[in-house]
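Single-structure report; data block below.
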Amino acid sequence: MSVFVPEKYWWKPLGPDERLWLWVCVATAVVLSLMMPLYNLLGHQNPSHESYQITPEKFNELTEKFVSENTVREEIVKQKFGATEIEKKIPVVRPALGVKDVYLRARAWEFYPILELEEGREYRVHMSSMDYQHGFSLQPQNINFQILAGYDLVVTLVPRESGEFYVICNEYCAIGHHTMIGKIIVKNKEE
Amino acid sequence: MASNYASEFRTCGTTGLKVHLPAERLFYVNAVTAVVALLVGGIMAILIALTRWPAVHLLPADLFYRFLTAHGLNMLVFWIVFFEMAGLLFASTAVLGSRLPAPWFGWLNFCLMLVGALITNYMVFMGQADVLFTSYPPLKAHPHYYLGIILFAVGTLLACFHFMATLVIAKKEGYHKGSYPLFTFGILIAVILAIFTLLMGAATYLPTWLWAMGLIDGINPAMYRLGFWGFGHSAQQINLAAMVSIWYLIGTLSVGAVPINEKFSRGAFLLYLLGINVASVHHLLVDPGLSATYRIFNTSYILYAATIGSMIHAFSIPAAIEVAQRAKGFTNGMFEWLTKAPWGNPAFAGMALSIVIFGFGGGVTGVTQGVEQINIMSHNTLRIPGHFHVTVVGGTTLAFMALTFYVLPLVMRRELIGKSFAKYQPWIFAIGICIMSTGMSFAGILGVPRRHYDVTFSSAIFQVPFSATATTMLGLLGLGAIIAFTGLLIFCLIAALTAFFGKRIPPNMELHHPPHIGEDSASVAPAQA
Ligand code: HEM
Ligand SMILES: [Cu+2]
Ligand SMILES: [Cu+2]
């Protein structure tokens, strides 16, 4: 019994059904273990992103440079704080031809800037945080990454579908967490 | 030598186990504290669940995050660990018939843990630590928050050493001969895992504490996450080993099940030790920092080694129960052994539900979400709490509750109050948790984030339209939570009423049943609660 001392010689061979089950377990484990590396070679959506160390100051500098060189317009947004409502201007940035590196800065509690990307073009999206840990959660695609201060996480992507997409923060970043949201717009080449 | 302590023992009338009275008192305080933590965590649970249900949206934002912190800590840390401390005492003293080497030491570590838990809870409820239980830097709590956790962890570590010391004297002073019983062996595995885990926890919390006091400059968030999950995930392996041990124990107590092949079962426990505590990188699958190669290695080869362990137990526990039932004459057809099982015994029902929920719900959600490419779609969504509420709640917590229905009459020697409620309690709790986890999982699949106050984004600059299905799933979360909370309350009430007001079962000093060493086990009467 599980609370009583086993007989003296309990090291016994497995029965036939136990042996069979053990092989089923091993086979399952092998299949599962192979799936992940194989999909990295054969599949298209893998989180094997690149990442680099970078100071928040440096990342901020790169973002500001990217924004000032590529801004096409500004979007005016409204935000409610209880009864009061304030207006904010957020730059909409459309990378010029030949610009592949795109910067998205996370800070409590905003994603900056609004990105405007072209369908079918390849981008390297750099993400980093200026302060707390944040989450990059692209909706409605539901693609998620962790964003940390001091690290530049680079995702290479090709937008395949035009429309408006949202980035919601899905890592708790203090009291304003649930107000942190950004936008990515994808346009056809002609637009 | 051993006889010097003879007056400190009593013999359990039902199981024939020799119980060391000072150990029993310690057991009692640990178990009671655990249930108090469960109740506090449960009240927090219903409040946050009703907030996540958009139609109700109960709490204001600051209280939501504060109570979420309190829920995570009181449930995952204080309820689970205090209960496990009681389990350690039982596995090392009662099961081996041994005395506790130093009761004062046991009280010392209990007090450390209690003081730590109180300090941490105080800081959280005073609003000095709205950092959630993960306290990811640079979110910073009051230094005492970390101090409380460290005191609690030190107490736990000392209790682990005390457990080891008990195993040593049990042999040395002749209380115990031969191999350890399977239950004690499983708990020993849990304790070894715990020592590793707590050291990892120290390496994470000590620098963070110094940083919170302003003594060091900054904490690298990626390093913290690695350390935290090296601790936090391994801690789940402790819970796993403890839960599986309890499944075996309840199998024995309820139907007299005997492990069919000790080698098979013990080997499976060893796999936990060898494999699973390295898999913690599955928390970091979409983090910057680690290389993809390392992440894949850590989460595939090593993770699945431990999955084999769980699959073996999933075979051998039901098999042991079947054999025991057939030996009682339930041999008609394929399943009479199962239909004639003591389903009215809440301990048996709780164990069976725990196996099914953990094995199917927890196993399937865990193995899928641990895959890198699926993790991209589930990281930090509600799919994650959807997973661990079927492992550590529907699995571990339910198993602990089930065992309590034996602890009350056997160890505390009190007759259960509210037997008819007890009969339904495991079912209510299990059904509630399953509904809630289903709601969480599907909401998460549709993109709804975890730890989020307002998915309508009413005070944000954009309003993301989550689909009506997602909102319905959040309603399901709320509904399941209400049912599960009812089950939890029934449990806490039965435990508290019985512990304090239950009719005393007279201490049975006569040996009705064979002592535990090398005797025929079949004569032990199956206890019906
Ligand atoms: C009646 C039972 C319970 C209910 C209704 C419940 C409900 C919830 C809800 C609604 C959340 C918040 C999910 C989110 O917004 O991210 C949550 C989080 C959590 N629960 Fe439970 N829960 C219950 C029992 C438990 C138990 C017994 C444990 C542990 C043993 C537990 C561990 C956790 C943890 C660790 C979190 C995550 C906290 C965080 O994200 O910081 N829960 N629970
Ligand atoms: Cu954020
Ligand atoms: Cu956030």
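Excluded from the calculations below are hydrogen atoms, water molecules and symmetry mates; all remaining heavy atoms, backbone and side chain alike, are included. Because the structure is predicted, anything quoted here is derived from the model rather than measured. Residue numbering restarts at 1 for every chain, and letters A, B, ... go by the order of the sequence lines.
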Under a 4.5 Å heavy-atom cut-off, does chain A meet the side chain of [X], its backbone, both or neither?
X	value
B/L68	neither
B/S378	backbone
B/Y65	side chain
B/V455	neither

Closest heavy-atom contact between [X] and [Y]?
X	Y	value
A/C173	B/L139	C-CD2, 4.4 Å
B/D130	A/Y172	O-OH, 2.8 Å
B/P221	A/A149	CG-O, 3.5 Å
B/D287	A/L153	C-CD1, 3.9 Å

Quick check on [X] against chain B: is it the side chain, the backbone, both or neither that has a heavy atom closer than 4.5 Å?
X	value
A/Q139	side chain
A/E87	neither
A/Y166	side chain
A/I90	side chain
A/E164	neither

* **Inter-chain contacts: residues 99-118 of chain A against chain B, heavy atoms under 4.5 Å** => A/I114
* Asked: Can you name the side chain to side chain donor-acceptor pair (under 3.5 Å) partners of B/H452, sequence neighbours left out?
  -> none
Measure the [atom1]-[atom2] distance between [X] and [Y] for me, rounded to the nearest 0.5 Å.
X	Y	atom1	atom2	value
B/F462	A/Q79	CZ	CD	10.0 Å
A/F145	B/L285	CZ	CG	11.0 Å
A/L32	B/T368	CG	OG1	10.0 Å
A/Q141	B/I376	CD	CD1	12.0 Å
B/N261	A/E18	CG	CD	5.0 Å

Do you know which of [options] has the most heavy-atom pairs under 4.5 Å to chain B?
options	answer
A/S51, A/S128, A/P13	A/S51
A/I86, A/L148, A/N144	A/N144
A/M127, A/Q133, A/K80	A/Q133
A/K88, A/E85, A/Q53, A/K183	A/K183
A/I168, A/D17, A/I143	A/I168

* Is the NZ atom of A/K65 crowded by more than 12 outside heavy atoms at less than 6.0 Å? -> no
Indicate every side-chain donor-acceptor pair of residues 21-28 of chain A with a distance under 3.5 Å to a residue at least two apart or in another chain.
residue	atom	partner	partner atom	Å
A/W21	NE1	B/M311	O	2.8
A/T28	OG1	A/V24	O	2.6

* Indicate yes or no: does A/E171 engage B/R225 in a salt bridge with an N to O separation below 4.0 Å. => yes
* Picking from B/G289, B/S291, B/S316, which has the most non-hydrogen pairs under 4.5 angstrom with chain A? -> B/G289
* Between B/F185, B/Y136, B/F64, which residue shows the highest count of heavy-atom pairs closer than 4.5 Å to chain A? -> B/Y136
Please check if the side chain of [X] supplies one atom and the backbone of [Y] the other of a donor-acceptor pair under 3.5 Å.
X	Y	result
B/N380	A/N170	yes
A/N142	B/I445	yes
A/H177	B/R451	yes

* Please list, chain by chain and in numerical order, all residues satisfying salt bridge (charged side-chain N to carboxylate O under 4.0 Å, His left out) with B/K140, sequence neighbours excluded. => none
